[in-house]
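Working notes, beginning with the structure itself.
Below, chains carry the letters A, B, ... as their sequence lines are ordered, and counting in each starts from 1. Because the structure is predicted, anything quoted here is derived from the model rather than measured.
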2 protein chains.
Amino acid sequence: MADIAKLANVSKPTVSRALSNSPLVNRATRNHVLSVANAHGYAVNRNAQKLRHKRTNTVAVSLDFHSHRQNHISDPFMFDLLAGVSEALGDRNQDLLLCAPNHNDGVAFNQILNSRGADGFIILGQGHREDMLHEFAATGAPVVVWGAADEDANYCVVGSDNYLGGQLAGRYFCDKGRRRWLFVGDTSFREFRQRREGLQNVCDEADDGIVIDDIELHSFGYDSAYDAASHYLDVIETNPDAVFSYNDTSAMAFISAFRDAGIDVPGDVSVVGYNDIPSAEYFSPPITTIRQDTHQAGRVLAAKLMRIIDGETPRSALIKTELILRES
Amino acid sequence: MADIAKLANVSKPTVSRALSNSPLVNRATRNHVLSVANAHGYAVNRNAQKLRHKRTNTVAVSLDFHSHRQNHISDPFMFDLLAGVSEALGDRNQDLLLCAPNHNDGVAFNQILNSRGADGFIILGQGHREDMLHEFAATGAPVVVWGAADEDANYCVVGSDNYLGGQLAGRYFCDKGRRRWLFVGDTSFREFRQRREGLQNVCDEADDGIVIDDIELHSFGYDSAYDAASHYLDVIETNPDAVFSYNDTSAMAFISAFRDAGIDVPGDVSVVGYNDIPSAEYFSPPITTIRQDTHQAGRVLAAKLMRIIDGETPRSALIKTELILRES
DNA sequence: GCCTCATATGAAACCGATTTCAAAATTATT
DNA sequence: AATAATTTTGAAATCGGTTTCATATGAGGC
């Protein structure tokens, strides 16, 4: 910057002001400085800027890779979400610091904040980290979480309307005249628990002798879902006629297992997945599922975090959640 | 840091040296300083550090979101790659700056480098940006590209052995006794062109009257592939008995289109995809495809870039590329 | 012509670390 | 005990910007 100042025959502060569009600098001077800076391909040193400003304009994004134990990071939904967040942050001129899998604990988060590596955090997938997040947020850390809203949460949560998602699946089953429902998912995750509750709600209101059975599936991935489904069919007396599973991949696994056991989908059983990943549409049969708007999610997450960084305390929010009617 | 120095009864430089494990500081003093720093949750300011060191320990990663015009970012393969890179960079204590979609041109890249936002670039998917990348690399920018090796490239490329990939598909078709092959892909992309050449090579060596037809598919995504397949079947005289498509999603689309036209897969036609995305295994029929080791890819990309940043000029490299035999 | 006020500019201090260089403290050598 | 060699330590300069504060310049009012 000192060089540019010399070249433009002005002082360092003037260059600084010109580059930041300060009204304190004369129009003509600014244009001159700008042209000199441009001609020399000058770019302000972000690190010096961050140091002085005490603001990084960087958002750290954490992906809970490890909650996808088996499948590691394979569920495309998380990545659509990441894409949405990336786009939203780009629009706001915020840099995106992607946190590596092994840095996903509270200490590491605090370290990033304390060392001024980022101004705040977007956590994609709260998983089983609610306690850690609670603690983290309690320190005053600016943080937004993609996950399930929680009355007691001391942090801002943005997520799918899981309860509604459960209701949508339930109503779909009612429409199809299904009476023996099966819920698949690990209800120790709040998100899945809320879906289960929404499903239960529709069941209760129908008051029609509908029963709901549960499979607590503690590991992710297609294979374990397939195995769970096969085993379930082995031990159960009466087959279910409807399945609501926690994501599309497992829904596909259930469909395959059912078909391999000679059960027709969607003839004998209706199946609803969650997330509407791209392949859901192309599976055979195309999967009826619950879609979330990942772009909206990204925008909302980014917007809320910006407000938190600016000292406000925005409320948690639910993202548009809709049933995508297909053939399963 | 000045505070820690005061608390530990030493000077600022001593604290700095203690924290960076410098041998210039006495063992006892270091331990004392460390314990004081720890007790107060102190973390060095990264920005000051980067400013002084003129090194950021940050790698910018660019995803070519836009080459996936229709599907935007839906191909899970790119994300597996991103995960691999993220992991590898994490192991090397490098931060990962994810570049937003709208920042994917050479000027923006240079801006990031000049402003010391990152030490180097990992470009995932060269797409049609070869010229830009060439120019970028010519400025001396440290850059590694995931894509297709090119004799003339002035930058380091890491990628699948596309030629071998094509050969593997060709040999598979030979094994199945297929004689009328169809190659699907946009050969204006070097990667796909190389695969096409590998396929041709097997065809030539078989010397068996095998013919290869081509569909130049200029847009990505399932739907356009399905449409292309249907249209192809409408206008063609003799149906192909083998299809090698540029990715798994399009392979699925071709299989669906063929089946909808009453053509049996794998009975009448063998289909080979590319990338081995998770759903390839669960599609019906499970898709025979070419797999690349995304973790290895991530590690190699990271390692090469580190060497480039250190002033070396490592050579381009090919990643393990293997045929995954399934039912299609 | 003198005073006030607004506008434009620059000198110097500062953000929070690291590095150079000189000085102090310790240890080894004779 | 005196000197040389080696460790340890700290004062000051530095990285590259931004901000404060004082000053210079020119316009407008009387």
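Using cut-offs of 30° and 60° for the angle between ring planes, the B:Tyr155 and B:His134 rings count as perpendicular. Ring planes of B:Phe136 and B:Phe121: perpendicular class, angle over 60° (limits at 30 and 60°).
Here C:dT19 presents its C1' atom at 18 Å from CZ of B:Arg55, a figure rounded to the nearest Å. In this structure, CZ of A:Arg27 is placed 19 Å from C1' of C:dT9, rounded to the nearest angstrom. Remark: P of D:dG17 and NZ of B:Lys50 are 15 Å apart, rounded to the nearest angstrom. At whole-Å resolution of the value, CZ in A:Arg52 and P in D:dT14 are 19 Å apart. Computed from coordinates, the B:His40 NE2 to C:dG16 P distance equals 17 Å when rounded to whole Å. The CE atom of B:Met1 sits 15 Å away from the P atom of C:dC15 (whole-angstrom rounding). A straight line from NZ of B:Lys54 to C1' of C:dA17 spans 15 Å, rounded to a whole angstrom. Distance B:His53 NE2 to C:dG16 P: 17 Å, rounded to the nearest Å.
Checked by distance alone, A:Arg17 brings no side-chain donor or acceptor within 3.5 Å of a matching partner on the base of D:dG17. Below the 3.5 angstrom threshold, one finds no donor paired with an acceptor across the side chain of B:Lys12 and the base of D:dG10.
Distance from the side chain of A:Ser11 is smallest for C:dG10 among the nucleotides C:dG10, C:dT19, D:dG16.
If you check the side chains of B:Ser115 and A:Arg46, you find a donor sitting under 3.5 Å from an acceptor.
Dashed line: the shortest gap from a side-chain N or O of B:Tyr42 to OP1 or OP2 of C:dG16 is not under 4.0 Å. Put simply, A:Ser20 has no side-chain N or O that comes within less than 4.0 Å of OP1 or OP2 on D:dT18. Remark: B:Gln49 is in phosphate contact with C:dT18, judged by side-chain N or O atoms under 4.0 Å from OP1 or OP2. An OP1 or OP2 oxygen of C:dA17 is reached within less than 4.0 angstrom by no side-chain nitrogen or oxygen of B:Asn45. Within the 4.0 Å cut-off from OP1 or OP2 of D:dG10, at least one side-chain nitrogen or oxygen of B:Thr14 is found.
B:Val15 comes within contact range of no nucleotide atom at all, as no heavy-atom separation falls under 4.0 Å. B:Val25 comes within 4.0 angstrom of the backbone, heavy atoms only, and of no base.
Under a 3.5 Å cut-off, the side chain of B:Thr294 and the backbone N or O of B:Leu81 do not form any donor-acceptor pair. A:Ser20 places a side-chain N or O within 3.5 Å of a backbone atom of A:Ser16 that can act as its donor or acceptor partner.
Heavy-atom distances to DNA chain D give each of A:Pro13 and B:Asn26 a nearest nucleotide, and the one nearer the 5′ end belongs to B:Asn26.
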